[in-house]
Number of protein chains: 2
Amino acid sequence: MDTPRDHLRDLFRAAGRRLTAQRRLVLEVLEASTEHLDAETLYERARVHDPNISLATVYRTLAVLKEMGLVEEHRLGEGHSHYESVRGGPHYHFICQGCGRVIEFDTPLVAQIEQELRDREGVLVLGAHLHLSGYCAQCQQTMHQQEEANRQ
Amino acid sequence: MDTPRDHLRDLFRAAGRRLTAQRRLVLEVLEASTEHLDAETLYERARVHDPNISLATVYRTLAVLKEMGLVEEHRLGEGHSHYESVRGGPHYHFICQGCGRVIEFDTPLVAQIEQELRDREGVLVLGAHLHLSGYCAQCQQTMHQQEEANRQ
DNA sequence: CCGTTATTGCGAATAATTCGCAGTAGCGGG
DNA sequence: CCCGCTACTGCGAATTATTCGCAATAACGG
């Protein structure tokens with residue numbers, strides 16, 4: 001029976017790459033977090049376990065993991081990216097323009113859209129990012145209150 | 001009866017902003033293109049009509065237009081953004097990881113997803129980006145051929 | 001036509017990511 | 001278990017994309 005670790009090494013071998021301590025570490029840090037981490041945060045957390053790891057390696061590792069489909073990159077409107085390990089099914093994001101809060105959700109309708117596009121265009125869909133934006137319930141209320149205040 | 005130009009000025013006035021020649025130009029360049037332009041390209045094209053316009057102004061104008069909802073920003077995996085003037089309905093993108101080709105499409109299912117989220121979370125959805133990726137029909141074929149070649 | 005002040009152009013500053021290179025370490029084979 | 005090949009790493013410098021500070025300019029309401 002395969003241990004998860006062996007399985008991981010096989011994945012790398014199959015991709016013609018080497019499973020290094022740094023790559024394992026980056027992946028572990030990502031999997032240990034439920035949030036989406038940016039490269040800098042990831043770097044800091046990884047450094048706790050390996051003070052010698054470099055930021056460049058973090059970036060290079062993220063690129064590799066992304067290419068292997070183990071990690072997903074999100075660009076939520078800021079200047080930098082956030083990364084997340086791919087487990088469970090795909091899921092999508094709503095980001096509040098007021099407070100920056102991110103709501104994650106899932107829906108089978110995206111798969112349906114992929115299906116449609118596959119049928120219509122003959123494409124092979126490997127990844128899907130759905131990024132809604134607007135205002136969360138809380139911020140909508142805040143805005144209404146401000147409007148009333150301005151009207152005085 | 002309003003001319004389109006007057007209408008544009010009103011839009012800016014309503015937002016407490018001024019309609020300058022540069023802003024008009026950036027918008028015109030964007031509307032004249034069917035593709036998504038990045039800031040640099042936009043800058044070059046704008047310079048044809050106004051050699052003095054600066055790249056900083058292009059960026060600032062894009063930020064304003066985006067805030068006003070006249071322009072949409074797309075981050076399709078590269079290091080930089082692409083911009084597109086908002087006309088017609090919303091539409092979504094598939095990008096081929098092989099050749100970089102972008103297929104635009106539309107589907108009412110996204111509106112349905114928005115609806116669901118609105119009902120479930122009480123959020124107000126203002127923008128939706130759906131970004132699928134994978135391989136186009138052509139690149140899939142190319143890949144199969146390469147695989148066979150490697151097998152020899 | 002005037003005054004206020006948003007906007008611009010310029011070049012410098014930042015932020016995020018990538019690169020070049022010399023040294024290190026995976027891992028397949030003996 | 002050791003060797004050799006070469007992918008990978010750390011480092012600091014280089015790029016790329018975008019933003020900022022500031023003095024000069026120009027929109028537009030009155």
Side-chain angles (χ1 to χ4, degrees), chain A residues 3 5-29 36-44 46-68 70-71 73-83, chain B residues 5-27 29 36-44 46-68 70-71 73-83:
Chain A
T3 72
R5 178 144 299 180
D6 286 340
H7 175 240
L8 197 54
R9 172 164 291 155
D10 287 344
L11 276 180
F12 275 83
R13 186 165 33 214
R17 329 203 87 119
R18 293 175 185 174
L19 176 54
T20 67
Q22 291 91 334
R23 289 178 177 174
R24 197 140 46 198
L25 176 54
V26 167
L27 200 48
E28 272 167 18
V29 171
H36 310 152
L37 304 177
D38 57 27
E40 199 67 38
T41 308
L42 197 38
Y43 173 50
E44 278 162 27
R47 257 203 303 189
V48 172
H49 300 276
D50 173 2
N52 288 322
I53 196 171
S54 82
L55 182 55
T57 293
V58 169
Y59 274 109
R60 282 185 291 226
T61 299
L62 286 171
V64 167
L65 295 176
K66 200 174 61 166
E67 214 178 297
M68 294 174 62
L70 298 176
V71 155
E73 179 180 11
H74 297 287
R75 301 174 169 249
L76 301 177
E78 295 150 288
H80 57 285
S81 294
H82 286 248
Y83 299 87
Chain B
R5 179 144 299 179
D6 286 341
H7 175 241
L8 197 54
R9 172 163 291 153
D10 287 346
L11 276 179
F12 276 83
R13 185 163 34 215
R17 328 204 85 120
R18 293 174 184 175
L19 176 54
T20 67
Q22 291 91 333
R23 289 178 177 173
R24 199 139 44 197
L25 176 54
V26 168
L27 200 48
V29 172
H36 310 151
L37 304 178
D38 58 25
E40 199 67 39
T41 307
L42 197 37
Y43 173 50
E44 278 162 27
R47 258 205 300 191
V48 172
H49 300 276
D50 174 1
N52 288 321
I53 195 170
S54 81
L55 182 55
T57 293
V58 170
Y59 274 109
R60 283 184 292 226
T61 298
L62 286 171
V64 167
L65 295 176
K66 200 173 61 166
E67 213 179 296
M68 294 174 62
L70 298 177
V71 155
E73 180 181 10
H74 297 287
R75 301 174 170 248
L76 302 177
E78 296 150 288
H80 57 284
S81 293
H82 286 247
Y83 300 85

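Proteins get letters first, then strands, A, B, ... in listed order; numbering begins at 1 in each.
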Check: Taking for each residue the nucleotide of DNA chain D bearing the nearest heavy atom, is the 5' side occupied by B/Ala56 or by B/Gly79?
Finding: B/Gly79
Check: If you round to the nearest 0.5 Å, how far is CZ of A/Arg13 from CG of A/Leu19?
Finding: 10.0 Å
Check: Hey, would you say the B/His74 and B/His82 ring centroids sit under 6.0 Å apart?
Finding: no
Check: B/Ser81 and B/Glu73: side-chain donor and acceptor closer than 3.5 Å?
Finding: yes
Notebook entry, point to check: What integer distance in Å separates B/Asp50:CG from C/dG9:P?
Noted result: 6 Å
Notebook entry, point to check: Between C/dT8, D/dC11, D/dT18, which nucleotide gets closest to the side-chain atoms of B/Ala39?
Noted result: D/dT18
Note to self: Tell me whether the side-chain N/O atoms of B/Arg23 come closer than 4.0 Å to OP1 or OP2 in C/dT7.
What the structure shows: yes
Margin query: Under the side chain to side chain contact (heavy atoms under 4.5 Å, CB included) test against A/Thr61, which residue among A/Val64, A/Val58, A/Thr57 passes?
Written below: A/Thr57
Tabulate atom names and distances for all N/O pairs under 3.5 angstrom spanning the protein and nucleotides 27-30 of chain C.
unit_1 : atom_1 : unit_2  : atom_2 : d
C/dC27 : OP1    : A/Leu19 : N      : 2.8
C/dC27 : OP2    : A/Arg9  : NE     : 3.3
C/dC27 : OP2    : A/Arg9  : NH2    : 3.1
C/dG28 : OP2    : A/Arg13 : NH1    : 3.1

Next item on the list: Figure out the CD/P separation between A/Glu67 and D/dC8, and round it to whole Å.
Entry: 11 Å
Note to self: To the nearest 0.5 Å, what is the distance between CE on A/Met68 and CZ on A/Phe12?
What the structure shows: 4.5 Å
Next item on the list: Could you check how far CE of B/Met68 sits from P of C/dA6, rounded to whole Å?
Entry: 16 Å
Notebook entry, point to check: If you fit an axis to the five pairs at each end of the helix from C/dC1-D/dG30 to C/dG30-D/dC1, how big is the angle between those two axes, to 10 degrees?
Noted result: 50°
Note to self: So, taking the atom named CG in B/Leu11 and the one named NE2 in B/His7, what distance separates them when rounded to the nearest 0.5 Å?
What the structure shows: 4.5 Å
Item checked: Short side-chain N/O contact from B/Tyr59 to OP1 or OP2 of D/dT19, under 4.0 Å -> no
Notebook entry, point to check: A/Leu42 CG to C/dA16 C1': how many Å, rounded?
Noted result: 14 Å
Margin query: Please report the distance, rounded to the nearest Å, between CD in B/Glu40 and P in D/dT15.
Written below: 16 Å
Notebook entry, point to check: Counting any heavy atom closer than 4.0 Å, what does A/Asn52 reach on the DNA or RNA strands: base, sugar-phosphate only, or nothing?
Noted result: sugar-phosphate
Notebook entry, point to check: What's the closest nucleotide to the A/Ser81 side chain, out of C/dG9, C/dT17, D/dG10?
Noted result: C/dT17
Margin query: Between C1' on D/dA27 and CG on B/Asp10, what's the gap in Å once rounded to a whole number?
Written below: 15 Å
Item checked: B/Leu42 CG to B/Leu62 CG distance, which is reported to the nearest 0.5 Å -> 5.5 Å
Item checked: Position toward the 5' end of DNA chain D (nearest nucleotide), A/Gly16 or A/Arg60 -> A/Gly16
Next item on the list: Enter the distance from A/Gln22:CD to A/Ile53:CD1 here, rounded to the nearest 0.5 Å.
Entry: 5.5 Å
Note to self: When you measure from the side-chain N and O atoms of A/His80 to the phosphate of C/dA16, is any distance below 4.0 Å, counting only OP1 and OP2?
What the structure shows: yes
Checklist line | salt bridge (charged side-chain N to carboxylate O under 4.0 Å, His left out) partners of B/Arg17, counting only residues at least two apart | finding: B/Glu67
Next item on the list: Write down the distance between OH (A/Tyr83) and P (C/dA16), rounded to a whole number of angstrom.
Entry: 11 Å
Margin query: Taking 4.0 Å as the cut-off, does a side-chain nitrogen or oxygen of B/Gln22 come that near to OP1 or OP2 on C/dG9?
Written below: yes
Item checked: Rounded distance in Å - CZ (A/Arg75) to P (D/dA17) -> 11 Å
Check: Between OG1 of B/Thr20 and CG of B/Leu25, what distance do you get to the nearest 0.5 Å?
Finding: 9.0 Å
